[in-house]
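Some notes on the structure that comes next.
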Amino acid sequence: MFKKLVFAGCMSLAAFAGNVYAKESYTVGAGGTYRPFEYENSQKQLEGFDIDIIKAIAEAEGFDVKLVNTPWEGIFATLSSGDRDILISGITITDKRKNMVDFSNPYFPAEQAIVISETSDVKDLNSLKDLNVGVVNSSTGDIVVSDVIGKNSTAIKRFDNTPLLLQELFEDGIDAAVGDVGVIKYYIKTHPEKKFKLIYDNHFEKQYFGIAVAKGNSELQQKINNGLDKIIADGTYNKIYQKWFDENVPQLPKQ
């Protein structure tokens, strides 16, 4: 009888210790349709650049994450309802969104870029004025090119997605394309035979992706920023960036 009591006491202490030292866990919402940032693989698991980044931040800060595929429509409401603790889903930091959520420091430059064949002599945005230019319909690239060429110009060719757009460029159906730099870099990495190159222009607005938490959750926001700082400092960020894009790892600003 005495032995049983001692054994039970030890189990109780172990359980107590387990509770004290258990890692905090946060539910992370991420879309599953924005390759290469977050998408579902054949096993219906989320993967991508964003997924690798949040996992690395969690490891650096000593917390766990539960990844949940979360459709873009209504994604911000999942923070205010408490269904999600963190959102990482290619979310551009804007003043309007800052009124709804709190953002981490930027983790990716979400700018536009011109993509052309290696033999093209296009040098900047103004060089596109007399060319046939492809964009994804209703995208930021569409807006930028419409400002330069004219929204109703027949020289603008609109596509449903970036792969279709870049295939048309490869087949010489258009002279240049404008789109999200991350998506284009990933396409170039996975299709090296197509011999594309990127051109940047100072007229493109500087924008960045951020990781979102509920408004006022400064403790979690700080954890994420600390983790991001750590993975940048120890080279983990560089490795993840090079895995998905190229060797030109960006310098990231603070908010």
Side-chain angles (χ1 to χ4, degrees), residues 30-40 48-50 69-76 88-97 108-210 244-246 248 250:
T33 58
Y34 189 32
R35 192 184 295 261
F37 293 95
E38 57 277 331
Y39 62 94
E40 279 193 344
F49 175 79
D50 283 359
N69 191 334
T70 306
W72 179 258
E73 186 177 353
I75 196 170
F76 295 106
I88 184 166
S89 196
I91 303 171
T92 304
I93 300 170
T94 66
D95 289 338
K96 182 178 179 180
R97 289 173 180 164
F108 188 85
E111 57 196 359
Q112 298 293 296
I114 302 166
V115 57
I116 52 177
S117 69
E118 284 189 339
T119 57
S120 173
D121 58 1
V122 167
K123 295 193 171 43
D124 54 28
L125 204 53
N126 285 330
S127 304
L128 303 180
K129 286 183 177 178
D130 298 320
L131 302 177
N132 290 319
V133 183
V135 296
V136 173
N137 190 33
S138 300
S139 66
T140 303
D142 190 351
I143 295 168
V144 170
V145 173
S146 294
D147 286 343
V148 174
I149 299 178
K151 184 175 182 179
N152 298 319
S153 172
T154 56
I156 302 176
K157 311 299 179 184
R158 295 178 172 89
F159 297 83
D160 289 336
N161 57 59
T162 301
L164 287 175
L165 166 66
L166 296 182
Q167 182 61 28
E168 187 75 2
L169 177 62
F170 178 67
E171 294 173 358
D172 296 325
I174 51 177
D175 302 304
V178 175
D180 293 343
V181 67
V183 179
I184 291 173
K185 278 191 171 191
Y186 176 73
Y187 188 92
I188 291 174
K189 183 179 181 69
T190 53
H191 297 80
E193 75 283 357
K194 294 189 175 177
K195 308 295 184 185
F196 292 145
K197 64 180 178 180
L198 289 178
I199 301 292
Y200 298 93
D201 189 286
N202 290 332
H203 289 92
F204 291 138
E205 183 181 357
K206 290 286 186 184
Q207 294 183 314
Y208 294 90
F209 289 161
W244 292 100
F245 304 111
D246 56 31
N248 300 313

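These figures come from a predicted structure and were not determined experimentally.
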Counterpart residues, side-chain hydrogen bond (donor to acceptor under 3.5 Å, both in side chains), relative to [X] (two or more places apart):
{"X": "Ser117", "answer": "Thr119"}
{"X": "Thr70", "answer": "Arg84"}
{"X": "Asn69", "answer": "Glu40"}
{"X": "Glu171", "answer": "Gln167"}

Next on the checklist: Just so I know, are the side chains of Ile91 and Trp72 near enough to count as touching, which here means a heavy-atom distance under 4.5 Å?
Outcome noted: yes
Item to check | Thr140/Phe204 under side chain to side chain contact (heavy atoms under 4.5 Å, CB included): CA gap, chis, key distance, verdict | outcome: CA-CA 10 Å; Thr140 303; Phe204 291 138; over 6 Å; no
Checklist entry - Angle class for the Phe209/Phe37 ring planes (parallel below 30°, perpendicular above 60°, tilted otherwise)? => result perpendicular
Next on the checklist: Tell me every residue that passes salt bridge (Lys or Arg N to Asp or Glu O under 4.0 Å) with Arg97, counting only those two or more places apart in sequence or in another chain.
Outcome noted: none
Item to check | Any residue meeting salt bridge (Lys or Arg N to Asp or Glu O under 4.0 Å) with Lys206, in chain and number order, not counting sequence neighbours | outcome: Glu111
Item to check | Residue pairs, two or more places apart or on separate chains, that pass salt bridge (Lys or Arg N to Asp or Glu O under 4.0 Å) and touch residues 144-170 | outcome: Asp142-Arg158
Checklist entry - What residue pairs, at least two apart or across chains, pass salt bridge (Lys or Arg N to Asp or Glu O under 4.0 Å) with a residue in residues 186-199? => result none
If you compare all heavy atoms of [X] against all heavy atoms of [Y], which two are closest, and at what distance to 0.1 Å?
{"X": "Tyr200", "Y": "Ala113", "answer": "CE2-CB, 4.0 Å"}
{"X": "Ile149", "Y": "Val133", "answer": "CD1-CG2, 3.7 Å"}
{"X": "Gly141", "Y": "Val178", "answer": "CA-CG1, 3.9 Å"}
{"X": "Leu166", "Y": "Ala177", "answer": "CD2-CB, 4.2 Å"}
{"X": "Val144", "Y": "Leu125", "answer": "CG1-CD2, 3.8 Å"}

Quiz: residues 179-186 side-chain donor-acceptor pairs under 3.5 angstrom, not counting sequence neighbours:
{"residue": "Asp180", "atom": "OD1", "partner": "Gln112", "partner atom": "NE2", "Å": "2.7"}
{"residue": "Asp180", "atom": "OD2", "partner": "Tyr34", "partner atom": "OH", "Å": "3.2"}
{"residue": "Lys185", "atom": "NZ", "partner": "Tyr241", "partner atom": "OH", "Å": "2.8"}
{"residue": "Lys185", "atom": "NZ", "partner": "Asp246", "partner atom": "OD1", "Å": "3.2"}
{"residue": "Lys185", "atom": "NZ", "partner": "Asp246", "partner atom": "OD2", "Å": "3.3"}

Item to check | Residues in ring pair (Phe, Tyr, Trp, His ring centres under 6.0 Å) contact with His191, at least two apart in sequence or another chain | outcome: Tyr187
Next on the checklist: With rounding to the nearest 0.5 angstrom, report the OG to CG distance, Ser146 to Asn152.
Outcome noted: 8.0 Å
Item to check | Spatial distance of atom OG1 (Thr92) from atom OH (Tyr208) [nearest 0.5 Å] | outcome: 12.0 Å
Next on the checklist: Does Glu73 have more than 12 heavy atoms from other residues, nucleotides or ligands lying within 6.0 Å of its CD?
Outcome noted: no
Next on the checklist: According to side chain to side chain contact (heavy atoms under 4.5 Å, CB included), who are the partners of Val122, at least two apart in sequence or on a separate chain?
Outcome noted: Ile114, Ile116, Ser120, Ser127, Leu128, Leu131
Item to check | Exam field: side chain Asn132 to backbone Asp175, donor-acceptor pair closer than 3.5 Å | outcome: no
Next on the checklist: Determine whether Leu198 and Ile188 satisfy the following criterion, side chain to side chain contact (heavy atoms under 4.5 Å, CB included), listing intermediate values before the conclusion.
Outcome noted: CA-CA 9 Å; Leu198 289 178; Ile188 291 174; 4.0 Å; yes
